[in-house]
Chemist: 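One structure, pasted below without further comment.
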Amino acid sequence: MTSNKDSTKWFSDRQELAVARAIDGRRTPMSGASKFSKGDVVTNNWLVECKTQTTEKKSFSIKKDWIEKATEEAFSTGKSHVAIAFNFGGEDQTQNLYVISERDFKTLLGVTE
């Protein structure tokens, strides 16, 4: 991991490691930039795209493109669930929040239609 705290990669690496540990997943090489490995962190059924800030922020915008791209990548790699992990930046890259679909949220709650 890069030790330069001014590097965006340093913050991204810390967040991806924290997410991987939290969900018992694994980081994908080059943040999923290869042809066969997608997403930042994966488990058997989940593809997680990680987004972080290098400085602490009071707000964070989630882009529809991120969700659409992650959904396409999950489908192409056989993952049935997608999440966007984000945090508000700063030194602590372990306080992540997750954006998931209503379908996945209802499944977690045990709500059936």
Side-chain angles (χ1 to χ4, degrees):
M1 182 177 347
T2 306
S3 61
N4 182 355
K5 288 187 179 183
D6 294 328
S7 165
T8 303
K9 182 157 175 37
W10 184 84
F11 288 95
S12 295
D13 287 349
R14 281 187 65 180
Q15 184 198 26
E16 290 171 12
L17 284 169
V19 169
R21 286 184 188 125
I23 66 170
D24 197 23
R26 66 176 175 79
R27 288 179 65 205
T28 56
M30 302 180 304
S31 289
S34 75
K35 186 175 182 178
F36 301 104
S37 176
K38 300 295 180 188
D40 294 319
V41 176
V42 294
T43 69
N44 286 341
N45 296 315
W46 286 83
L47 181 138
V48 181
E49 185 66 28
C50 296
K51 301 295 182 184
T52 192
Q53 299 287 325
T54 58
T55 58
E56 192 167 342
K57 304 287 185 188
K58 297 270 185 208
S59 64
F60 190 96
S61 297
I62 302 297
K63 296 185 181 342
K64 185 177 181 182
D65 289 351
W66 297 344
I67 296 167
E68 290 172 343
K69 181 181 175 194
T71 301
E72 289 172 12
E73 290 177 352
F75 178 78
S76 72
T77 57
K79 307 293 181 200
S80 51
H81 307 285
V82 172
I84 304 296
F86 74 97
N87 61 51
F88 292 102
E91 289 293 317
D92 188 2
Q93 299 295 311
T94 64
Q95 297 300 310
N96 293 291
L97 300 160
Y98 297 82
V99 176
I100 62 172
S101 71
E102 182 175 347
R103 177 185 59 102
D104 287 337
F105 188 58
K106 288 168 74 174
T107 299
L108 292 172
L109 293 174
V111 175
T112 57
E113 306 258 341

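None of these values were measured; they are calculated from a predicted model. All heavy atoms count here, side chains included; hydrogens, waters and symmetry mates do not.
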Chemist: To check you understand the geometry: which heavy-atom pair defines the closest contact between Leu17 and Arg27, and what is its length?
Modeler: CD2-CD, 3.5 Å
Chemist: Sequence neighbours excluded, which residues qualify as salt bridge (Lys or Arg N to Asp or Glu O under 4.0 Å) partners of Lys51?
Modeler: Glu49
Chemist: In Å, rounded to the nearest 0.5 Å, how long is the span from OG1 of Thr52 to CH2 of Trp10?
Modeler: 10.0 Å
Chemist: For Val19 and Ala85, which heavy atoms make the closest approach, and how far apart are they?
Modeler: CG2-CB, 3.9 Å
Chemist: Which heavy atom of Ala74 sits nearest to which heavy atom of Val82, and what is that distance?
Modeler: CB-CG2, 3.4 Å
Chemist: Once rounded to the nearest 0.5 Å, what's the spacing between atom CG of Asn87 and atom CD of Glu56?
Modeler: 9.5 Å
Chemist: Run the side-chain contact (heavy atoms from CB on, under 4.5 Å) check on Val99 and Trp66 step by step: do they pass?
Modeler: CA-CA 11 Å; Val99 176; Trp66 297 344; over 6 Å; no
Chemist: For Arg103 and Ser80, which heavy atoms make the closest approach, and how far apart are they?
Modeler: NH2-O, 3.3 Å
Chemist: Minimum heavy-atom separation for Phe88 and Leu97, please, with both atom names.
Modeler: CE1-CD1, 3.6 Å
Chemist: Please say whether more than 12 non-hydrogen atoms of neighbouring residues, nucleotides or ligands are located less than 6.0 Å from CZ in Phe105.
Modeler: no
Chemist: Can you tell me how far the CD atom of Glu72 sits from the OG1 atom of Thr77, to the nearest 0.5 Å?
Modeler: 11.5 Å
Chemist: Distance from Gln15 atom CD to Gln53 atom CD, nearest 0.5 Å?
Modeler: 10.0 Å
Chemist: Identify which one of Ile23, Asp40, Thr43, Val42 satisfies the side chain to side chain contact (heavy atoms under 4.5 Å, CB included) criterion when paired with Val48.
Modeler: Ile23
Chemist: I need the minimum non-hydrogen distance between Ile100 and Ala83, along with the two atoms involved.
Modeler: CG2-CB, 3.8 Å
Chemist: Which residues pass the salt bridge (Lys or Arg N to Asp or Glu O under 4.0 Å) test with Lys64, not counting sequence neighbours?
Modeler: Glu68
Chemist: To the nearest 0.5 Å, tell me how far Asp104 CG sits from Leu109 CG.
Modeler: 11.0 Å
